[in-house]
Enquirer: 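What follows is a structure written as C-alpha cells; I'll ask about it next.
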Amino acid sequence: MYTRPDSLREAHARAEATFAEVLDRAGRGLDPLFERRLDQHQRQLRSLLGEDADVASDAIDAAKRVIGAADPGAPLLMLAMARETLASTVRRHLSMVREAA
C-alpha cells in the first residue's frame, strides 16, 4: 500500500496533539465531541497504515480508557505504550516509503 509520507506524518501529528489533550482529560469522562475527534483520528490512521491499522485502534482505545477511568494510572501506562508502538509503526512506514522512492 502506498501512503503519501506527508499525509501519514500530518495524521500522526494531529493524533499526538489530541493524545496530549487526553492527558489533561484523564478520569473526567468522555464527551461526544472529543470521542468523535478520536474516532476520526482512528479512521484516518487506519486507512494510512493498511495492514498495521490495529496499532491505531489500540492507541485510540487506550486514550478512551484514560478519559473514562476512575483511576487513570494503569490506562495512562497503556496509552504511553500504545503511543510508542504507533510512533514506531509510523516511522517504519515512512522509512519504507523513502526506500521505495
Side-chain angles (χ1 to χ4, degrees):
M1 168 183 230
Y2 176 74
T3 299
R4 287 188 42 228
D6 292 341
S7 298
L8 180 56
R9 207 174 282 115
E10 290 168 10
H12 182 244
R14 283 191 300 274
E16 279 297 319
T18 300
F19 290 147
E21 287 184 55
V22 166
L23 301 179
D24 294 334
R25 295 172 179 253
R28 293 190 193 168
L30 189 59
D31 70 75
L33 290 175
F34 198 75
E35 184 173 21
R36 279 196 290 274
R37 186 171 7 151
L38 287 168
D39 291 342
Q40 182 180 10
H41 291 310
Q42 182 176 7
R43 283 188 302 275
Q44 188 171 31
L45 286 166
R46 285 185 64 84
S47 72
L48 293 168
L49 291 174
E51 65 187 34
D52 292 320
D54 288 343
V55 171
S57 294
D58 291 346
I60 298 303
D61 291 344
K64 289 179 180 180
R65 280 193 295 276
V66 166
I67 294 172
D71 179 11
L76 281 167
L77 180 58
M78 290 172 53
L79 176 59
M81 291 186 302
R83 286 174 76 181
E84 180 53 40
T85 301
L86 177 59
S88 173
T89 302
V90 167
R91 285 190 300 270
R92 184 171 51 79
H93 275 257
L94 292 173
S95 72
M96 289 186 325
V97 170
R98 277 193 302 269
E99 289 173 8

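Remember, predicted model here, so these are calculated numbers, not experimental data.
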Enquirer: Below 3.5 Å, can you tabulate the donor-acceptor pairs from side chains in residues 60-78 to any protein atom, sequence neighbours excluded?
Expert:
| residue | atom | partner | partner atom | Å |
| --- | --- | --- | --- | --- |
| K64 | NZ | D39 | OD1 | 2.5 |
| D71 | OD1 | G73 | N | 3.4 |

Enquirer: Could you pull out all residues at least two apart from Q40 that satisfy side-chain hydrogen bond (donor to acceptor under 3.5 Å, both in side chains)?
Expert: none
Enquirer: Would you please name every residue forming a side-chain hydrogen bond (donor to acceptor under 3.5 Å, both in side chains) with R9, sequence neighbours left out?
Expert: D6
Enquirer: If the condition is side-chain hydrogen bond (donor to acceptor under 3.5 Å, both in side chains), which residues does E35 pass it with, not counting sequence neighbours?
Expert: none
Enquirer: Taking salt bridge (Lys or Arg N to Asp or Glu O under 4.0 Å) as the test, write out the residues that go with R37, two or more places apart.
Expert: E21
Enquirer: Enter the distance from L94:CG to L8:CG here, rounded to the nearest 0.5 Å.
Expert: 4.5 Å
Enquirer: Going by the rule side-chain hydrogen bond (donor to acceptor under 3.5 Å, both in side chains), which residues pair with S57 if we only count those two or more places apart in sequence or in a different chain?
Expert: Q42, R46
Enquirer: Under the side-chain contact (heavy atoms from CB on, under 4.5 Å) rule, what do L79 and L23 come out as? Steps first, then yes or no, please.
Expert: CA-CA 10 Å; L79 176 59; L23 301 179; 4.2 Å; yes
Enquirer: Considering residues at least two apart in sequence or located in another chain, which fulfil the side-chain contact (heavy atoms from CB on, under 4.5 Å) criterion with A11?
Expert: R14, Q44, L45, L48
Enquirer: Tell me, please, which residues at least two apart from D52 pass side-chain contact (heavy atoms from CB on, under 4.5 Å).
Expert: L49, T89, R92, H93
Enquirer: Can you name the side-chain contact (heavy atoms from CB on, under 4.5 Å) partners of S88, sequence neighbours left out?
Expert: E84, R91
